[in-house]
Novice: 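Quick one: the structure is below, questions incoming.
Keep in mind it's a predicted model, so treat the numbers as computed, not measured. This chain uses plain numbering: 1 for the first residue, then up along the sequence. Counting starts at 1 for both ligands and their atoms, following the listed order.
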Amino acid sequence: MSRKTTLQQDIVIEARSVDRRFSIGGHDITALAPVNIAVRRGELFVITGSSGSGKSTLLNLLSGLDRPSSGEVFFKGTSLSSINERILAGLRNNDFGFIFQTPHLLPDKTIFENVALPFRYGDIVDPELWRNRCLELLGYVGLSHLKERYPDTLSGGEMQRVVFARALSREPEIIFADEPTGSLDAENSTRLMTLLREQTRQGRTVIMVSHDAEAIAYGSKTLLLDKFNPGKTTAS
Ligand SMILES: Nc1ncnc2c1ncn2[C@@H]1O[C@H](COP(=O)(O)OP(=O)(O)OP(=O)(O)O)[C@@H](O)[C@H]1O
Ligand SMILES: [Mg+2]
């Protein structure tokens, strides 16, 4: 296999001239000017920039939660615009894990049930396997002792670790995280970032939006979106 082919296979997500525009009351709004990126397996790819520069918009396009106005997003070479909503939903559930700024947990489910939620949808997994996997993940994030509790009895940092365990439950290829440390103190931020980096060492890819300097420092690559200079992106 040539080196070029190997490198191309390493790319898990690629965005080609992807942009997003909205029309509100006859006015065109550019939420994201065209962006080109290629993210390799095992990278901790950071998207940063000022408020309103299009970070969340880009993350939503890369993760298939939203569709671009023009351009295309490819997951392992397959264009997300070439697959229907049902297949895309399956892909999001099986291959992608999500962490948002504020933890979204179902209040009437226990911590264990929240972590196990992705197994209620998509491809069927043997119950013993997924139960063990969820227990193992709760141990990994240091919350085994809270598995029977309900979300409203947890601290913000604990909740974010539950979300992290849930994001990993189906052993996703990619973890998408939008300001995952935004509501955490320094200690919990470090803890979460260490866990995220550990995942990249296991071959997963993390795509994270952040403007927290400490979190950004964990990145292997950074894309800076510039609201005042649309279309100009700086990668480092
Ligand atoms: N559904 C929408 N309709 C209209 N405008 C939108 C929509 N979504 C986002 N925008 C606009 O697009 C721009 C980029 O929004 P986005 O949420 O991606 O910013 P961001 O970089 O994530 O900002 P923050 O750091 O504040 O989260 C903003 O000016 C926003 O108002
Ligand atoms: Mg945002």
Novice: Take atom 5 (N) of ligand 1 and look for protein heavy atoms under 4.0 Å from it; say yes if you find one, no if not.
Specialist: yes
Novice: Closest non-hydrogen protein atom to atom 12 (O) of ligand 1, residue and atom name please, with distance?
Specialist: A31 CB, 3.1 Å
Novice: Show me which atoms of ligand 1 lie under 4.0 Å from any heavy atom of S50.
Specialist: 21 (O)
Novice: Under 4.0 Å, counting heavy atoms only: does R20 come that close to any atom of ligand 1?
Specialist: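 Distance cut 4.0 Å: R20 fails for ligand 1.
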Novice: Which residue is it: D66, L32, D19? I am looking for the one with a side chain to side chain contact (heavy atoms under 4.5 Å, CB included) to L58.
Specialist: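 Of D66, L32, D19, side chain to side chain contact (heavy atoms under 4.5 Å, CB included) with L58 is met by L32 alone.
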Novice: Would you mind checking which non-hydrogen protein atom is closest to atom 17 (O) of ligand 1, with the distance to 0.1 Å?
Specialist: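 So the nearest neighbour among protein heavy atoms is S56 CB, 3.8 Å.
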Novice: Please state which protein non-hydrogen atom is closest to atom 26 (O) of ligand 1 and give its distance, to 0.1 Å?
Specialist: S51 OG, 2.6 Å
Novice: Do R149 and T153 have a side chain donor and acceptor closer than 3.5 Å?
Specialist: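 Yes, because at least one side-chain N or O of R149 sits under 3.5 Å from a partner of the opposite role on T153.
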Novice: Taking all atoms of both residues into account, what is the closest heavy-atom pair of P68 and L61, and its distance?
Specialist: N-CD2, 3.4 Å
Novice: I need the S17 OG to E72 CD distance, nearest 0.5 Å.
Specialist: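 That separation rounds to 10.0 Å.
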Novice: Within ligand 1, which atoms have a heavy atom of H211 less than 4.0 Å away?
Specialist: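 Atoms satisfying the 4.0 Å criterion: 25 (O).
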Novice: Of the protein's non-hydrogen atoms, which lies at the shortest distance from atom 18 (O) of ligand 1, and what is that distance?
Specialist: T57 OG1, 2.5 Å
Novice: Could you confirm whether Q101 has any N/O/S atom lying under 2.8 Å from the Mg ion (ligand 2)?
Specialist: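 No, outside the cut-off.
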Novice: State the CD-CG distance between Q199 and L44, to the nearest 0.5 angstrom.
Specialist: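 Between atom CD of Q199 and atom CG of L44 there are 10.5 Å.
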Novice: Under 3.5 Å, is there a donor-acceptor pair linking the side chains of R16 and N36?
Specialist: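 R16 vs N36: no donor-acceptor pair found between side chains.
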Novice: Using the rule given for side-chain contact (heavy atoms from CB on, under 4.5 Å), can you reason through L135 versus K147, listing the C-alpha separation, both sets of side-chain angles and the distance that settles it, and then say yes or no?
Specialist: CA-CA 8 Å; L135 291 173; K147 64 177 186 289; 3.6 Å; yes
Novice: Does the ring of F98 carry R92 above it, NZ/CZ under 6.0 angstrom from centre and within 45° of its axis?
Specialist: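 No.
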Novice: Among all the protein's non-hydrogen atoms, which is closest to atom 7 (C) of ligand 1, and how far away is it?
Specialist: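 Here the nearest protein heavy atom works out to F22 CE1, 3.3 Å.
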Novice: Which ligand 1 atoms does I24 reach within 4.0 Å, using its non-hydrogen atoms?
Specialist: 3 (N), 4 (C)
Novice: Given the ring of F22, does R20 sit roughly above its face, with NZ or CZ under 6.0 Å from the centre of the six-membered ring and within 45° of the axis?
Specialist: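 Positive - R20 is close enough to the ring of F22 and near enough to its axis.
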Novice: Just to confirm my output: which protein heavy-atom neighbour is closest to atom 25 (O) of ligand 1, and how far is it?
Specialist: K55 NZ, 2.7 Å
Novice: If we set the cut-off at 4.0 Å for heavy atoms, which region of L225 has an atom near ligand 1: side chain, backbone, both, or neither?
Specialist: neither
Novice: Salt bridge or not for R67 and E85, using N-O below 4.0 Å?
Specialist: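 Salt bridge: yes.
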Novice: If we only consider heavy atoms of S53, is any one of them less than 4.0 Å away from an atom in ligand 1?
Specialist: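 For ligand 1, residue contact (heavy atoms, under 4.0 Å) with S53 is present.
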Novice: When you measure from atom 14 (C) of ligand 1 to every protein heavy atom, which one gives the shortest distance, and what is it?
Specialist: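 Looking only at protein heavy atoms, the one closest to atom 14 (C) of ligand 1 is G52 O, 3.4 Å.
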